[in-house]
S.K.: 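I'd like to ask you about the structure that follows.
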Amino acid sequence: MHTFLGKVGELILKGSNIHDFEKLLVSNTRTYLKGSKAQIKLFGGRLYIDCEDEEAERVQFALDHLLGITGWAEARVCEKNIEAIKDAVMEEAKLCVANGATSFKIEAKRGDKSFPLDSYGICREAAAPVFDSNMMKVDVHNPDCVITVEVRERVFVYGLSKKGRRGLPVGCSGKGLLLLSGGLDSPVAGYRMMRRGMKVECAYFHSYPYTSEQAQQKVEKLAEILAGYGLVTHLNIIPFTDVQMRIKERAPQAFTTLMLRVCMMKCANMISERIGADCLITGESLGQVASQTIQNLTVTESFAEKPLLRPLIGVDKEEIIATAVEIGTYETSILPYEDCCVLFSPRHPILHAEVESASEIYNSLEVDELIKEAFEKREIKKFEA
Ligand code: ATP
Ligand code: MG
């Protein structure tokens with residue numbers, strides 16, 4: 001039998017809505033553990049999961065991906081007396097030392113007010129054997145490890161805790177359509193919105209045979225990784241070769257990339273309408289490439305019929321890469337298969353386009369019908385955590 005404990009994060013701040021947020025957090029946890037016998041409960045700002053040995057790995061995956069907790073740990077459950085607590089603390093201390101800790105502190109929470117010792121008394125008694133055995137020194141300000149003792153209807157003792165994924169539980173902030181390319185940025189953008197509680201659906205535009213099947217598989221893999229956090233996502237795969245060829249034939253060379261972005265927006269409008277998305281999401285970051293100057297971003301945005309969210313707009317590449325590594329999309333994103341934009345990119349792209357001239361160029365493409373066909377021919381794949 002294993003007991004895991006997650007610390008509930010930001011939703012504590014949500015006042016009277018807190019019960020809805022808590023319910024969502026529990027139901028999201030259930031989704032990860034669908035079909036398992038794990039027991040899930042939430043009270044006192046803690047998520048408790050009891051499970052059998054064979055399900056422990058699944059629970060760990062869930063807690064490692066669940067959005068809305070600040071940390072989690074496997075806890076020891078011991079009898080409700082100070083001797084049992086001391087033994088459990090000692091076992092946790094050994095684990096901390098094995099992980100390189102040289103200093104510790106104990107935090108006690110006495111939810112059960114009938115317990116004879118108060119929090120201070122629990123800390124003092126439980127720390128003594130660790131301290132006396134010279135395993136670690138006490139450091140209340142900056143300890144290497146914190147061992148927590150929670151006395152509730154059961155007693156939980158835990159030391160090494162893992163970082164949780166702060167934010168809001170997915171499902172409390174509407175739905176967005178993420179334009180997901182195979183690059184580094186857009187998966188991180190999607191993850192950021194999920195962390196604010198948004199359900200994220202995905203759209204990928206491909207230009208087979210100019211883009212390879214591997215490029216598409218890469219995007220599918222990214223959607224699968226994102227579903228690990230968002231619980232479920234549908235990837236809309238849109239054949240954009242005809243649209244792209246039309247742009248190449250008719251648009252001034254300097255405008256081809258920008259026109260491609262505009263056409264993607266047009267098609268994304270249709271998908272978002274169909275799926276009931278509240279907004280569009282891209283991985284754009286100010287100044288990162290030629291199509292992302294403020295003027296060009298303004299042009300792209302002027303074609304969006306829903307709010308266009310760009311969670312990475314002020315984030316630099318290094319930070320984006322750090323997040324990509326942390327969420328596990330980095331290795332996939334850096335695979336070399338090119339997405340459609342690279343093959344058709346002009347040598348000297350326009351840097352400061354204007355909405356008016358861009359609209360004229362767009363109209364001269366007479367591409368609406370082709371975009372609609374692409375929309376209708378889209379394929380949808382479902383990914384689940
Ligand atoms: P990324 O790393 O996300 O590919 P990028 O820095 O390469 O971004 P661009 O290629 O200019 O930037 O793309 C800007 C944004 O447009 C992307 O973040 C993504 O949201 C969207 N986008 C680009 N290409 C595609 C595509 N083939 N399918 C879907 N969305 C795309
Ligand atoms: Mg890209």
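Just so you know, ligand 1 is whichever comes first in the structure, and atom 1 is the first atom listed for that ligand.
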S.K.: Look at atom 13 (O) of ligand 1 and find which of Met265, Gln244, Arg261 reaches it with the closest heavy atom.
M.R.: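 Heavy atom nearest to atom 13 (O) of ligand 1 belongs to Arg261.
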S.K.: Apply salt bridge (Lys or Arg N to Asp or Glu O under 4.0 Å) to residues Glu92 and Arg76 and explain how you reach the verdict.
M.R.: CA-CA 8 Å; Glu92 281 303 319; Arg76 280 166 209 280; 2.7 Å; yes
S.K.: Charged N to carboxylate O below 4.0 Å: is that the case for Lys306 and Glu273?
M.R.: yes
S.K.: Between Arg165 and Glu326, does any side-chain N to carboxylate O distance fall below 4.0 Å?
M.R.: yes
S.K.: Given Leu312, which of Asp185, Leu184, Thr323 fulfils the side chain to side chain contact (heavy atoms under 4.5 Å, CB included) condition?
M.R.: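 It is Asp185; the other options fail the test.
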S.K.: If the cut-off is 4.0 Å to any non-hydrogen atom of Leu184, which atoms of ligand 1 fall inside it?
M.R.: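 Result: 2 (O).
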S.K.: As a test of understanding, state which of Glu201, Met198, Met193 forms a side chain to side chain contact (heavy atoms under 4.5 Å, CB included) with Lys175.
M.R.: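 That would be Glu201.
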S.K.: Atom 1 (P) of ligand 1: which of Ser333, Gly283, Ala189, Ser181 has the nearest heavy atom?
M.R.: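 Residue with the shortest heavy-atom distance to the ligand atom: Ser181.
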S.K.: With nothing but distance in play, are any N or O atoms of Gly182 less than 3.5 Å from an N or O of ligand 1?
M.R.: no
S.K.: Heavy-atom contacts with Glu284 under 4.0 Å: which atoms of ligand 1 show up? List them by number with element.
M.R.: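 Counting atoms of ligand 1 from 1, those under 4.0 Å from Glu284 are 14 (C), 15 (C), 18 (O).
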S.K.: Provide the number and element of each atom of ligand 1 under 4.0 Å from a heavy atom of Gln288.
M.R.: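 Counting atoms of ligand 1 from 1, those under 4.0 Å from Gln288 are 6 (O).
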S.K.: I want to know if ligand 1 touches Tyr204 in the polar sense, i.e. an N/O pair below 3.5 angstrom.
M.R.: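 No, since none of the N or O atoms of Tyr204 sits under 3.5 Å from an N or O of ligand 1.
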S.K.: Any chance you could measure Gln60, atom CD, to Lys162, atom NZ, to the nearest 0.5 Å?
M.R.: 6.0 Å
S.K.: Can you measure from CG (Leu178) to OG (Ser186) and round to the nearest 0.5 angstrom?
M.R.: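 Result: 6.0 Å between the selected atoms.
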S.K.: Before signing off on this row, confirm whether Met264 and ligand 1 have an N or O atom pair separated by under 3.5 Å.
M.R.: no
S.K.: Do Ile294 and Ile313 sit in one hydrophobic cluster, given that two such residues count as connected whenever their side-chain heavy atoms are within less than 4.5 Å of each other, even indirectly?
M.R.: yes
S.K.: Report yes if the distance between the aromatic ring centroids of Phe104 and Phe131 is under 6.0 Å, otherwise no.
M.R.: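 Not under 6.0 Å, so no.
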S.K.: Between Thr282 and ligand 1, is there a nitrogen or oxygen pair with a distance under 3.5 Å?
M.R.: no
S.K.: Kindly confirm or rule out an N or O of Ser186 lying under 3.5 angstrom from an N or O of ligand 1.
M.R.: yes
S.K.: Ala203 heavy atoms, cut-off 4.0 Å: which ligand 1 atoms fall inside?
M.R.: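 Checking each atom against Ala203, I get 29 (C).
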S.K.: Would Val289 count as a polar contact of ligand 1, with the cut-off being nitrogen or oxygen pairs under 3.5 Å?
M.R.: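 Min N/O separation from ligand 1 is not below 3.5 Å for Val289.
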S.K.: Is there any N or O on Ile281 that sits under 3.5 Å from an N or O of ligand 1?
M.R.: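 Ile281 vs ligand 1: no N/O contact under 3.5 Å.
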S.K.: Any heavy atom of Gln292 closer to ligand 1 than 4.0 angstrom?
M.R.: yes
S.K.: Under 4.0 Å from any heavy atom of Ser291, which atoms of ligand 1 are there?
M.R.: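 Close to Ser291: 11 (O).
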S.K.: Suppose I only count heavy atoms of Gly183 and a 4.0 Å limit; which atoms of ligand 1 are within that range?
M.R.: 1 (P), 2 (O), 4 (O)
S.K.: Minimum distance, heavy atoms only, to atom 6 (O) of ligand 1: which one of Asp185, Leu179, Leu280 is it?
M.R.: Asp185
S.K.: Salt bridge check, Glu107 against Lys105: does any charged N sit closer than 4.0 Å to a carboxylate O?
M.R.: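 Result for this pair is yes, salt bridge flagged.
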S.K.: Have a look at Gln216 and tell me which of Glu220, Glu213, Lys218 forms a side-chain hydrogen bond (donor to acceptor under 3.5 Å, both in side chains) with it.
M.R.: Glu220
